[in-house]
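Quantities reported herein were computed from a predicted structural model and do not represent experimental measurements. These numbers come from the heavy atoms of this one structure, side chains and all, not from hydrogens, waters or symmetry mates.
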Amino acid sequence: MPRAGKVYLVGAGPGDPDLLTVKAARLISNAETVVYDHLVGPAILELIPARARRIYVGKEAGNHALPQDGINALLVEFAREGLQVVRLKGGDPFIFGRGGEEMQSLQAAGLECEIVPGITAAAGAAASTGIPLTHREHAQTLVFATGHLKDGTVNLDWNALARPQQTVVIYMGLGALEIISRELIAHGLPAGTPAAVIHAATTPAQRGVRSTLAQLPAAARAAAIRAPALIMVGEVVALESASQLTACCPPIA
């Protein structure tokens, strides 16, 4: 009987290879076939054995190596061939990583799929900047949102995102930073709410700016911040404990 194929949806974390889970590192180092994204760090790709087949399916703004439907079909095809496939995704597969869509496609085809979680970018950025995502005095709620919806709009639940005493982390929102800032203020957040944009958190390329919500778009432009980047909004951004952020970013005016 031919060997049954299987796909592992593996979270590669925010970029620092030391932040891989033990299971993720083991699967990568023993991989036969690796299908990987744009946000998987170079140091992590170095762990893939030379004998393994590598397929790049990364997505950048306006430049998709392969549409999502094509990625889903590719994973199904490889698994049907009896291959053990590592689908390597930046961060965590189930946090804005489209892992749910890929899992559904594999399950619909009757194929085995296993999820291996990874440290999401927000957790990595919190650790590398010193910004606590929650705090008993400043943020009792934590919200993750995406700034890039499937239809290309940024039509988010602004009322929910503009609530006080919470931290909001927006993934893939740099291109819509002006809209995000304007809408959060229009729906109730004070213009002076502390906010930051962090590029390439946990990697040697990490840099960021810290400002107020109203001034953040201009500050990000002045610092030439580029994707990938996280937007972080809330009182926790201003805490003095965020010493590692202060080292790379200007203080809030």
* Are L39 and V169 connected, step by step, through hydrophobic side chains (Ile, Leu, Val, Met, Phe, Trp, Tyr) whose heavy atoms are closer than 4.5 Å? -> no
* **Residues clustered with L19, ILVMFWY side-chain links under 4.5 angstrom** => I119
* Does some side-chain heavy atom of T120 sit less than 4.5 Å from a side-chain heavy atom of Y171? -> yes
* Heavy-atom pair with the smallest gap, counting every atom of V7 and L75 -> CG2-O, 4.0 Å
* Structure fact -> To the nearest 0.5 Å, atom CZ of R207 lies from atom NE2 of H199 at 7.5 Å
* Structure fact -> Hits for side-chain contact (heavy atoms from CB on, under 4.5 Å) against F94, two or more places apart or cross-chain, chain-then-number order -> D92, M103, I115
* Positive for side-chain contact (heavy atoms from CB on, under 4.5 Å) with L184, one of I179, L189, T193 -> L189
* **G130 to P132 - nearest heavy-atom pair and separation** => O-CD, 3.3 Å
* Structure fact -> Here the pair of heavy atoms bringing P14 nearest to A121 is CB-CA, 4.2 Å
Quiz: residues 218-233 side-chain donor-acceptor pairs under 3.5 angstrom, not counting sequence neighbours:
{"residue": "R221", "atom": "NH1", "partner": "E178", "partner atom": "OE2", "Å": "2.3"}

* To do: Look at the side chain of D16 and the backbone N and O of D18, then say whether any donor-acceptor pair between them is shorter than 3.5 Å.
  => yes
* Got a second to check how far T33's OG1 is from E81's CD, nearest 0.5 Å? -> 8.5 Å
* Heavy-atom check, side chain of N72 versus side chain of R98, under 4.5 Å -> no
* Asked: So do E112 and L106 actually touch side chain to side chain, heavy atoms under 4.5 Å?
  -> no
* **V34 side chain reached by I28 side chain, heavy atoms, under 4.5 Å** => no
* Asked: At their closest point, which heavy atom of A24 faces which heavy atom of L20, and how far apart are they?
  -> CB-CD2, 4.1 Å
* Passes side chain to side chain contact (heavy atoms under 4.5 Å, CB included), T141 versus R163? Steps please. -> CA-CA 9 Å; T141 306; R163 291 172 181 158; over 6 Å; no
* **Y56 and H38 aromatic ring geometry - parallel, tilted or perpendicular at 30°/60° bounds** => perpendicular
* Distance-only, no hydrogens or angles: does the T167 side chain make a donor-acceptor pair with backbone N or O of L133 under 3.5 Å? -> yes
* **Evaluation steps, side chain to side chain contact (heavy atoms under 4.5 Å, CB included), between V86 and V35** => CA-CA 6 Å; V86 171; V35 180; over 6 Å; no
* Assess whether side chain to side chain contact (heavy atoms under 4.5 Å, CB included) is satisfied between I185 and L213, documenting all intermediate values. => CA-CA 8 Å; I185 293 170; L213 185 56; 3.7 Å; yes
* To the nearest 0.5 angstrom, please state how far the CG atom of L83 sits from the CD atom of E77. => 9.0 Å
* Using modelled atom types only, decide if a donor and an acceptor are shared between the side chain of R210 and the backbone of V237 within a distance under 3.5 Å. => yes
* Is there a side-chain contact between L9 and E102 (heavy atoms, below 4.5 Å)? -> yes
* Nearest non-hydrogen partners of H187 and A162, listed with the distance -> O-CB, 3.5 Å
* Going by heavy atoms in the side chains, are E101 and I71 under 4.5 Å from each other? -> no
* Structure fact -> Here the gap from E183 atom CD to L156 atom CG, rounded to the nearest 0.5 Å, amounts to 9.0 Å
* **Shared hydrophobic cluster, I95 / I198 (ILVMFWY, side-chain heavy atoms < 4.5 Å)** => yes
* Any donor and acceptor pair, going by atom type alone, linking the side chain of Q166 with main-chain N or O of A160 inside 3.5 Å? -> yes
* May I ask you to decide if H138's main-chain N or O and E235's side chain share a donor-acceptor pair within less than 3.5 Å? => no
* Structure fact -> In short, A52 meets A31 closest at the heavy-atom pair CB-O, 3.4 Å
* **Interatomic spacing from CD in Q84 to CG in N30 - rounded to 0.5 Å** => 11.5 Å
* Asked: What's the verdict on side chain to side chain contact (heavy atoms under 4.5 Å, CB included) for I44 and L88, showing C-alpha distance, side-chain angles and the deciding distance?
  -> CA-CA 10 Å; I44 293 173; L88 198 54; 4.2 Å; yes
* To do: Measure the spacing between CD1 of I180 and CD1 of I170 and express it to the nearest 0.5 Å.
  => 4.0 Å
* Is there a donor-acceptor pair closer than 3.5 Å between any side-chain N or O of R54 and the backbone N or O of L45? -> yes
